[in-house]
Each structure stands twice: as structure tokens, then as C-alpha cells.
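First comes the structure, then the notes that go with it.
Worth knowing before you read on, the calculation uses all heavy atoms, side chains too, and leaves out hydrogens, waters and symmetry mates. From a predicted model like this one, the values you see are computed outputs, not experimental measurements.
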Amino acid sequence: MSNTYNFLKKTTLVALCFIAILGCNKKPISISSGTLNLDKRAELIQIGTSNKNDVVNFLGESFLKEVPNENKWAYFESIETRNFGKKKNTKNTILILEFDNRGILMTKQILNQKDFNKLIFDDTKTESLGLNSSFSKKIFSSIRKRAKNVLPNNNNKK
């Protein structure tokens with residue numbers, strides 16, 4: 001009886017290990033975000049003939065729009081693969097569309113991962129709409145400094 005029990009125990013352990021090894025996946029996991037197949041979809045949009053409604057039909061609503069008049073839209077696609085815990089960006093694409101005042105597409109620019117290193121960023125500073133160095137900011141910073149000085153020091157307690 002004991003030999004049979006040990007045999008069943010060992011075969012069950014071997015079978016479970018075999019199933020666990022077969023369940024492992026060697027294929028990399030790919031995670032995509034943004035608009036899928038952006039470069040192929042961008043070919044459907046024609047400069048001078050497509051308008052904002054056509055773009056929404058082909059690509060969907062854009063999350064990135066220029067704030068004042070919303071005539072510049074941007075779409076992105078990013079595909080990341082994970083293989084044995086290592087992440088690698090396999091595809092990054094940005095599509096920048098610019099419309100005229102009537103909503104007709106004027107320019108279309110596709111940036112790939114190789115083009116990102118060539119981009120030049122603007123060094124100008126954006127002025128904040130919040131509390132800059134205004135009178136109210138000075139008051140609140142003064143109150144904060146005084147509150148820090150007034151709080152009792154807990155290090156002296158035994």
C-alpha cells in the first residue's frame with residue numbers, strides 16, 4: 001500500500017511539473033496603445049479634400065488638440081513588447097494634422113521612432129494661469145513657513 005501511494009505521489013508531481021512547463025509561453029507579449037495601424041489609416045486621409053469629419057470617421061476623436069482654436073490634432077500609436085520581463089518599444093508613431101479655418105486638412109505629418117531624435121524642442125517657458133509670483137502666493141508661502149516654525153518638535157519627547 002505504501003509503495004502504491006509513493007508511486008502515485010511521484011507521478012502526480014511529475015505530471016504537474018510537465019503541465020507547468022507546457023503552460024509557459026515563449027512568445028513575447030505585445031501591448032498596444034493609441035490608434036492601431038496609424039500609418040495605414042493615415043494614407044486614407046487626403047490633403048485638401050479630407051475634412052475634420054472624415055478624419056474622425058477614419059481615426060476617431062483626437063485626445064490631443066491645440067487649445068485655442070483646435071485646428072491642430074495629433075494621434076499616436078505605441079506598441080511595446082515584453083519578453084521574459086524585458087520591455088522594448090517596437091513601434092512609436094505620431095500623426096500630426098493641421099486644418100484650416102473651414103476644417104479642411106492642410107498638412108499631414110507622420111513621425112516614426114527614428115524621427116524623434118531629430119525633433120527640436122522649444123525652450124520658452126509657459127506662463128502659468130495659477131498662482132505665479134502674485135500677492136496671494138506670497139501670503140500663502142509666508143503662512144506655510146510660519147506654520148512649519150510653530151509646530152512642536154517631536155524629537156525632544158522621551
Side-chain angles (χ1 to χ4, degrees), residues 1-99 103-126 128-131 140-141 144 147-148 151-158:
M1 183 78 174
S2 165
N3 291 337
T4 309
Y5 179 70
N6 285 337
F7 176 74
L8 287 174
K9 196 175 178 182
K10 289 178 182 179
T11 55
T12 305
L13 182 64
V14 169
L16 287 176
C17 290
F18 185 68
I19 291 171
I21 290 171
L22 287 179
C24 293
N25 191 358
K26 291 184 180 180
K27 290 182 180 179
I29 300 169
S30 67
I31 299 170
S32 59
S33 60
T35 306
L36 296 178
N37 299 324
L38 186 61
D39 46 355
K40 293 178 183 176
R41 290 183 183 195
E43 293 174 1
L44 300 172
I45 301 168
Q46 301 299 321
I47 296 174
T49 58
S50 298
N51 59 19
K52 289 183 179 182
N53 293 330
D54 296 334
V55 172
V56 170
N57 286 337
F58 290 128
L59 300 173
E61 277 292 327
S62 174
F63 295 110
L64 302 171
K65 294 182 181 178
E66 193 178 37
V67 175
N69 54 9
E70 296 186 357
N71 283 337
K72 198 176 229 185
W73 294 4
Y75 292 89
F76 73 95
E77 175 186 18
S78 177
I79 298 177
E80 176 183 85
T81 57
R82 294 181 184 176
N83 196 2
F84 296 115
K86 295 182 180 179
K87 296 179 184 179
K88 182 180 179 184
N89 287 335
T90 56
K91 185 175 183 182
N92 281 328
T93 308
I94 295 177
L95 172 66
I96 300 172
L97 305 173
E98 192 170 344
F99 300 95
I104 305 295
L105 183 64
M106 290 179 10
T107 60
K108 172 174 69 170
Q109 184 180 13
I110 298 176
L111 301 173
N112 292 325
Q113 200 166 3
K114 296 174 186 175
D115 300 328
F116 291 160
N117 293 334
K118 299 174 187 174
L119 291 177
I120 300 171
F121 291 97
D122 192 9
D123 291 336
T124 59
K125 293 184 179 181
T126 305
S128 174
L129 298 175
L131 299 174
F140 288 130
S141 64
R144 184 175 53 244
K148 285 182 181 178
L151 290 175
N153 192 356
N154 293 333
N155 296 337
N156 294 335
K157 292 182 181 179
K158 292 183 182 179

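The closest side-chain heavy-atom distance from Phe99 to Val55 is below 4.5 Å. At a threshold of 4.5 Å between non-hydrogen side-chain atoms, the residues Leu59 and Leu95 count as touching.
Listed here is the closest heavy atom pair of Arg41 and Thr35: NH1-CG2, 3.6 Å.
With sequence neighbours left out, the side chain to side chain contact (heavy atoms under 4.5 Å, CB included) criterion links Lys9 to Tyr5. Every residue two or more places apart in sequence or in another chain that forms a side chain to side chain contact (heavy atoms under 4.5 Å, CB included) with Lys91 is listed here: Asp39, Glu77, Ile79, Thr93. Judged as a side chain to side chain contact (heavy atoms under 4.5 Å, CB included), and not counting sequence neighbours, the contacts of Gln109 are Ile96, Leu111. Every residue was checked against the ring-ring contact (aromatic ring centres under 6.0 Å, His included) condition with Tyr75, not counting sequence neighbours, and none meets it. For Glu98, the salt bridge (charged side-chain N to carboxylate O under 4.0 Å, His left out) criterion is met by no residue, not counting sequence neighbours.
Taken to the nearest 0.5 Å, the CE atom of Met106 stands 9.5 Å off from the NZ atom of Lys72. Taken from CH2 in Trp73 to CG in Leu64, the straight-line distance is 12.0 Å, to the nearest 0.5 Å. Atom OG1 of Thr107 is separated from atom CG of Leu97 by 7.5 Å, given to the nearest 0.5 angstrom.
Sorted by first and then second residue, the pairs that involve residues 44-64 and meet side-chain hydrogen bond (donor to acceptor under 3.5 Å, both in side chains), not counting sequence neighbours, are Lys52-Asn71, Glu61-Lys65.
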